[in-house]
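Ligands are counted one by one from 1 in listed order, and the atoms in each one are counted from 1 as well.
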Amino acid sequence: MAWENILFEVHDQVALVTINRPKSLNALNPATLEELDEAVRRVRQDDAIRVLVLTGSGDKAFVAGADISEFPKMNPLQARLFAQKGQDVFFGLEDLPKPVIACVNGFALGGGLELAMSCDFIYASEKAKFGQPEINLGILPGFGGTQRLARLVGRAKAKELCMSGEMIDAATALQLGLVAKVFPAETLLEETMKAAKVMAAKSALALRAIKTVVDRGMDADLKTGCALEVEAFGLCFASEDAKEGAAAFLEKRKPHFKGSFTA
Ligand code: COA
């Protein structure tokens, strides 16, 4: 499949998708969103891919937002459709049953931060910068930023970031719980791919269950979330992977999980 704005590689069951518009700091235009959507569907369908890593091309940006050069030609209806498209693509990413890691190598602003927050967690370079600067353009985030940021860092901090347009560095993002780990810029991709490959060897059913239970549980009350956990825990015991996991532990060997994401 020929894509113009993204690169797609697979290394040892890990798909590496790179947003590749470095001259625009990897800004998301409609064509890039469309290609990302197709890439996500490919990851969903390909059983040989067990983890997705998303990053940006070059050493300056992950994604510096939606492509602002598209804005002057948009009427309100087109702007609404653009926001809806972004949200649909990001929900597609969030709903992938496989782990998705954002590898944030530079600016993650506006749509870039919204994209990163739609992943399961963020690994960032020490040089990364995060923000929702839409307020400086006289608009607000449109790809889910107001909602996901508030859920990740709390209501007040999310409002402060969206209302000020302030950029924060990787250390601050780590402190806020927005970022899971920070690495030196030179080793970020290598460390992220290493972590992704470790995860690729885990049980597919258990990974999928963790993702669903955490995500659905966060949108529910504690008892509903815990009830989902109980059901998922029981379901895991129906799998060969759970038998293999316990057997390998008791036999003091490494487990070999064979469960599939698509079966
Ligand atoms: N959309 C379109 N183009 C963008 C872009 C965006 N979101 N972000 C950066 N670019 C382009 C710049 O226009 C510039 O293009 P040019 O070389 O043709 O002039 C190029 O990427 C490099 O950006 P530049 O601004 O020169 O780099 P910088 O290091 O001085 O500043 C940023 C980097 C990220 C601080 C700055 O580019 C910026 O504020 N970008 C917009 C961020 C934003 O508001 N995002 C939310 C959009 S809704």
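With ligand atoms numbered from 1 in the order given, ligand 1 contributes 48 (S) to contacts under 4.0 Å with heavy atoms of Glu134. Under a 4.0 Å criterion applied to the non-hydrogen atoms of Phe107, ligand 1 contributes the atoms 33 (C), 34 (C).
Note that CZ of Phe91 is 8.0 Å distant from OG of Ser118, once rounded to the nearest 0.5 Å. Of the inter-residue distances, the one linking Thr146 atom OG1 with Gln132 atom CD reads 8.5 Å to the nearest 0.5 angstrom.
In terms of N/O distances under 3.5 Å, ligand 1 is approached by Ala66.
Proximity of the aromatic rings of Phe82 and Phe143 is defined here by a centroid distance below 6.0 angstrom, and this criterion is met.
Protein heavy atom in closest approach to atom 4 (C) of ligand 1: Ser24 O, 3.7 Å. In terms of protein heavy-atom proximity, atom 8 (N) of ligand 1 is nearest to Ala64 CB, 3.6 Å. Nearest non-hydrogen protein atom to atom 34 (C) of ligand 1 is Leu109 CD1, 3.5 Å. Looking from atom 35 (C) of ligand 1 to the surrounding protein, the closest heavy atom is Met167 CE, 3.8 Å. Here the heavy atom of the protein found nearest to atom 44 (O) of ligand 1 is Pro133 CG, 3.5 Å. Considering only non-hydrogen protein atoms, atom 2 (C) of ligand 1 sits nearest to Asp67 OD1, 3.2 Å. Annotation: atom 1 (N) of ligand 1 to nearest protein heavy atom, Ile68 N, 2.9 Å. Among protein heavy atoms, atom 36 (C) of ligand 1 sits closest to Leu25 CD1, 4.7 Å.
The nearest protein heavy atom to atom 21 (O) of ligand 1 is closer than 4.0 Å. In this structure, atom 10 (N) of ligand 1 has protein heavy atoms in its sub-4.0 angstrom surroundings. For atom 24 (P) of ligand 1, the nearest protein heavy atom lies 4.0 Å or farther away. Less than 4.0 angstrom separates atom 30 (O) of ligand 1 from none of the non-hydrogen atoms of the protein. Distance screen at 4.0 Å: atom 48 (S) of ligand 1 has a protein heavy-atom neighbour inside the cut-off. Not a single protein heavy atom sits closer than 4.0 Å to atom 18 (O) of ligand 1. Distances from atom 40 (N) of ligand 1 to the protein include no heavy-atom value under 4.0 Å.
A salt bridge does not link Asp169 with Lys129: none of the charged nitrogens is closer than 4.0 Å to a carboxylate oxygen. Contact check on Asp37 versus Arg41 returns a salt bridge, with a Lys/Arg side-chain nitrogen under 4.0 Å from an Asp/Glu carboxylate oxygen. Glu34 and Lys85 are joined by a salt bridge, as a carboxylate oxygen and a charged side-chain nitrogen come within less than 4.0 angstrom of each other. Salt-bridge annotation for Glu191 and Lys181: absent, with no side-chain N of the basic residue lying under 4.0 Å from a carboxylate O of the acidic one. The residues Glu244 and Lys254 are annotated as not salt-bridged, no charged nitrogen and carboxylate oxygen being separated by less than 4.0 angstrom.
Evaluation of the ring pair (Phe, Tyr, Trp, His ring centres under 6.0 Å) rule for Phe233 yields Phe237 as partners, not counting sequence neighbours.
Ligand 1 lies within reach of Lys60, whose nearest heavy atom is under 4.0 Å from it. The shortest heavy-atom distance from Lys23 to ligand 1 is under 4.0 Å.
Checked by atom type, the side-chain pair Glu70/Asn29 shows no donor-acceptor distance below 3.5 Å. Side-chain contact check for Asn20 and Thr18: no donor-acceptor pair (N or O, by modelled atom type) lies under 3.5 Å.
Hydrophobic side-chain contacts under 4.5 Å tie Leu109 into a cluster, directly or through other members, with Leu25, Phe107, Met167.
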